[in-house]
Structures are given as structure tokens and as C-alpha cells.
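This one's a predicted model, so the numbers in the text were calculated from it and none came from an experiment. Note that the numbering runs from 1 along the sequence shown for the chain. Computed over heavy atoms, backbone and side chain alike; hydrogens, waters and symmetry mates excluded.
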Amino acid sequence: MRTLNPDVPDDVFADVLEQVRHFVRTAVVPRELEIMETDAIPADLRDRAAAMGLFGYALPQQWGGLGLNLIQDAELAMELGYTSLAFRSMFGTNNGIAGQVLVGFGTPEQQQRWLPGLASGEVVASFALTEPGAGSNPAGLRTTARADGAGWVIDGAKCFITNAPSANLFVVFARVHPAPESGSGIAVFLVPAETDGVSVGSKDAKMGQQGAGTADVRFAGVRVGADALVGGDAESGYRAAMTSLARGRVHIAALAVGQAQRALDESVAHAATATQGGTPIGDFQLVQAMLADQYTGVAAGRAMVRDAAHAWVTETDRRIVPSAAKLFCTEMVGKVADLAVQVHGGSGYMREVTVERIYRDVRLLRLYEGTSEIQRLIIGGGLVRAEQRKNS
């Protein structure tokens, strides 16, 4: 598929993709157990990722990024998804839901201050939306931003915030007071991590994705200037965040395809070599059926991701198709991972076996950046509203 990006022509992108594929498979894959056991990305891998431009691959070249569009981003994500998801998580927010807010809706001053650091990896961004009562749907948001003189005072608590333990910048959702006469009343603020009143809890102990740090974040009387309000007004910041989340759904779908491909490859390799009664288990028809189901899911997911990325770049659909891709691909990878454990038998349940880690890691993909249930509401509601508009 042509990438439709004059800033990064197809031949240049092919070289980038090959370099990333080689790095992932020769440098990161051999250290997956180390990442899992230490719950951290080794410093040398982080340094190499920064040197390759991975902290800013989806940010514009004028700010030091590689300038990849979403079609290219999706292809890259399918390669990054081939290894521990914690590795991609290290720079995912810079390129995704935080970085894209600034790219699309930040003021020139906000872009100048933050985007070069995000692109180089000197700044790590963290997207602070989720609260105990507000996750995929921000309607229950309780964090507040109170207008105070020329600035704002933010109070509230967030949970499960990716990269919080290492973040330099929090992109914070808050309900503004006094509430505006129209609109959602939710704004997005740029809060440096060292600001007085910001505190980060201990790193969460999670089912999977060891190496990707998440934690609670509290904002207690955090005072920021007027220049912290994304876009300069409440509605533009909120709109930016929702747009960024929709874009990120295509990226997450692509990661799911990468993990599913890895699970399939591990399953085929095991089936071709492991034996029962002296016969390779891959000769058994029921094992072949499991491999066939895995392959079909991966192939369908890959096609759907590419279609969704193309729809986004050409602006033909930036709502329903991204949600459909995330819904299908994240559900698909769960089934493929489950089959991978089944193909491996008892060994697939052992902690240091690749498919066991994948089985745990991919479970989160159905939860963040919009649960599967939220995606179904977006898709179904969008289809009905489109039909009603046709008939009105």
C-alpha cells in the first residue's frame, strides 16, 4: 500500500521499516525475559531507540520527528508489536495520544516548548485521563481545573497512568470551573511533572506488560499558567484529545496484529518440532486447524488495520473504522494467544515461555484507549446516526 506521505517517500520508509524490524528481532526479542523479570526496559535499548528516532517517529520533521503518517505508523506498529509490548509503551505516548494533541491542536508556543523534547526522547509524556470513575468515557471525570487569576488550579487523582513513574510532562484532563455555557466543560492541560502539588504513586503491579510503568498520579492545588491550557481554550483541547484517542485506536490495532503474528510464528515453530509418540504435533489435523484459525485472524487483522489507516489519512473515516479495527484486532489477538498456549500444551503455561507472556500482555489491549464495549457503542451508534442523517 502506498503511504501517501510526501515528507517520507515510500522508498525512504521501506528503509526505516527494515531498520526497525532488524532492531526489534535482533536486539529486543533476545532480551524479552530480562525486560519481564526486571520490570524495566534496559537503558541501552532506550538509548538506541532514541537514537533511531523512535520517540518521535510520528511527530513532524520540523520538530525533530521522522514525520511518519498513520499508514506508516501502522506498519511500524506491527513490527514493534512483534516483541514485548512494554518496549513500544516507552515511547508510544510521545508519538500517540499525548504528542498528537500538541501536533494537531497545541498553540505555536506549546509546540515549540514541548515537541522537540518529545521527539528526541528527552521528554517523556504521560496521558492522564483515567480515574477510578472515568475511563473510556470521561463523563464521570472528577479532576477539576479552577480558573484563578491568569491561570488555573488543578485538583484530582488519576490511576493506571502509563509512563507516570518516568514522565516529565502530564497531559491532564480536568473539568473546568466555572463551567462554560456550552460544550463538554472538559479541558486538557500541560502540567510539568516537577510542578508543586504533583505526586506519583508507586509503580503498579500488573498481570502483564512488565517493563511498562503505570502508577496513580495526584494533583493537589497544582497551579499552572494560562499557557498550560491546550489550544488556548477548553473545547479545542478536549476535541484534540478525542481525535488523538481515535487515531491511537488504529495504532493499538496494529500492535495487536504484531503480537498475533508473533504468537502464530511461535505456534508454527513449536508444532513443526515438538513430537507426541514420535510424530510432530503439526501433523495432527486438530493442531493444523488451530494454526489455520490463528493465521486467518492475523491476515484479517492486518488487512483491517491497513484499511483503517488509509481511511484516516485520506479523511474518509476517522471514527467508525478506527473503532472497528481496534475492536476486531484486540479481540482477535486474545483468541490467537489462547490458541498459542493450547498448541504448546503444558509448556505454554510456563512463565518463561514466550506465548505465556503474550497471553498475559495482550489482555490489556481490550481495555485501554477505549474498551471493546466502548468501541461497540461508537460503531453501532455511529451507524445509526449516519442513517438518521440520511433520512432527515
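Between T3 and Q72, the side chains place a donor N or O and an acceptor N or O closer than 3.5 Å (distance only, hydrogens not considered). Of the N and O atoms on the side chains of D155 and T144, not one donor lies less than 3.5 Å from an acceptor on the other residue. Using modelled atom types and a 3.5 Å distance limit, the side chains of D265 and Q261 yield a donor-acceptor pair.
Annotation: side chain of W63 is in contact with side chain of Q112 (closest heavy-atom distance under 4.5 Å). At least one side-chain heavy atom of V176 sits under 4.5 Å from a side-chain heavy atom of F189. The shortest side-chain heavy-atom distance between I71 and R306 does not fall under the 4.5 Å cut-off. The shortest distance between side-chain heavy atoms of V200 and R218 does not fall below 4.5 Å. You'll find the side chain of H251 reaches within 4.5 Å of the side chain of L255, heavy atoms only. Counting heavy atoms from C-beta on, the side chains of M36 and R360 come closer than 4.5 Å. Within the 4.5 Å cutoff, the side chain of L80 has heavy atoms near those of the V20 side chain. When side chains are defined from C-beta on, N391 does not count as touching Q388, because their heavy atoms never get closer than 4.5 Å.
Just one of T214, L85, V362, T162 meets the side-chain contact (heavy atoms from CB on, under 4.5 Å) condition when paired with Q209; it is L85. With L115 as reference, L102 is the one residue of L102, V123, N94 to meet the side-chain contact (heavy atoms from CB on, under 4.5 Å) rule. Results of the side-chain contact (heavy atoms from CB on, under 4.5 Å) test with E352 over E32, E37, R357 single out E37 as the only residue that passes. Of the candidates D7, V8, V313, N69 forms a side-chain contact (heavy atoms from CB on, under 4.5 Å) with just one, namely V313.
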Donor-acceptor pairs are to be reported for all side-chain atoms of residues 317-337 against protein atoms at under 3.5 Å, with residues two or more places apart or in another chain.
from : atom 1 : to   : atom 2 : distance (Å)
D317 : OD1    : R319 : N      : 2.8
D317 : OD1    : I320 : N      : 2.9
D317 : OD1    : V321 : N      : 3.4
D317 : OD2    : V321 : N      : 3.4
R318 : NE     : W312 : O      : 2.9
R318 : NH2    : W312 : O      : 3.1
S323 : OG     : R319 : O      : 3.4
S323 : OG     : Q375 : OE1    : 2.7
K326 : NZ     : L365 : O      : 2.8
K326 : NZ     : Y368 : O      : 3.2
K326 : NZ     : G370 : O      : 2.9
T330 : OG1    : K326 : O      : 2.6
E331 : OE2    : S372 : OG     : 2.7

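Remark: side-chain polar atoms of N168 are paired, donor with acceptor, to backbone N or O of V124 under 3.5 angstrom. Of the possible polar contacts, one joining the N95 side chain to the L54 backbone as a donor-acceptor pair under 3.5 Å is found. Proximity of a side-chain donor or acceptor of E79 to a complementary backbone N or O of Q19 within less than 3.5 Å is not detected. Between the side chain of T371 and the backbone N or O of L367, no donor-acceptor pair lies under 3.5 Å. For the pair S244 (side chain) and I97 (backbone), a donor-acceptor distance under 3.5 Å is present.
Relative to the six-membered ring of F23, R48 misses at least one condition, a distance below 6.0 Å or an angle of at most 45° to the axis.
Annotation: Q342, atom CD; neighbour count of heavy atoms from other residues, nucleotides and ligands within 6.0 Å does not exceed 12. Crowding of R142 atom CZ: a count of heavy atoms from other residues, nucleotides or ligands under 6.0 Å not exceeding 12. Counting non-hydrogen atoms of other residues, nucleotides and ligands closer than 6.0 Å to CZ of F284 gives a total above 12. M350 CE: more than 12 foreign heavy atoms inside a 6.0 Å radius. Other residues, nucleotides and ligands contribute more than 12 heavy atoms inside 6.0 Å of the CD atom of Q62. At most 12 heavy atoms of other shown residues, nucleotides or ligands fall within 6.0 angstrom of atom CG in D196.
Both V217 and V224 belong to a single network of hydrophobic side chains, linked directly or stepwise wherever heavy atoms of I, L, V, M, F, W or Y lie under 4.5 Å apart.
Smallest separation of non-hydrogen atoms from A86 and A212: CB-N, 3.5 Å. Minimum interatomic distance between F219 and K158 (heavy atoms only, all atoms of both residues): CE1-CG, 3.8 Å. Counting all heavy atoms, side chain and backbone alike, L45 lies closest to A27 at CD2-O, 3.9 Å. Closest non-hydrogen pair, F160 versus D204, comes out as CA-OD2, 3.9 Å. The two residues L141 and L129 come nearest to each other via the heavy atoms CD1-O, 3.8 Å. Residues S347 and V353 approach most closely at O-CG2, 3.1 Å, considering heavy atoms.
Salt bridge annotation for R31-D44: present, with a cationic side-chain nitrogen under 4.0 angstrom from a carboxylate oxygen.
Aromatic pair F170/F127: ring centres not closer than 6.0 Å.
Residues meeting the ring-ring contact (aromatic ring centres under 6.0 Å, His included) test with Y359, sequence neighbours left out: none.
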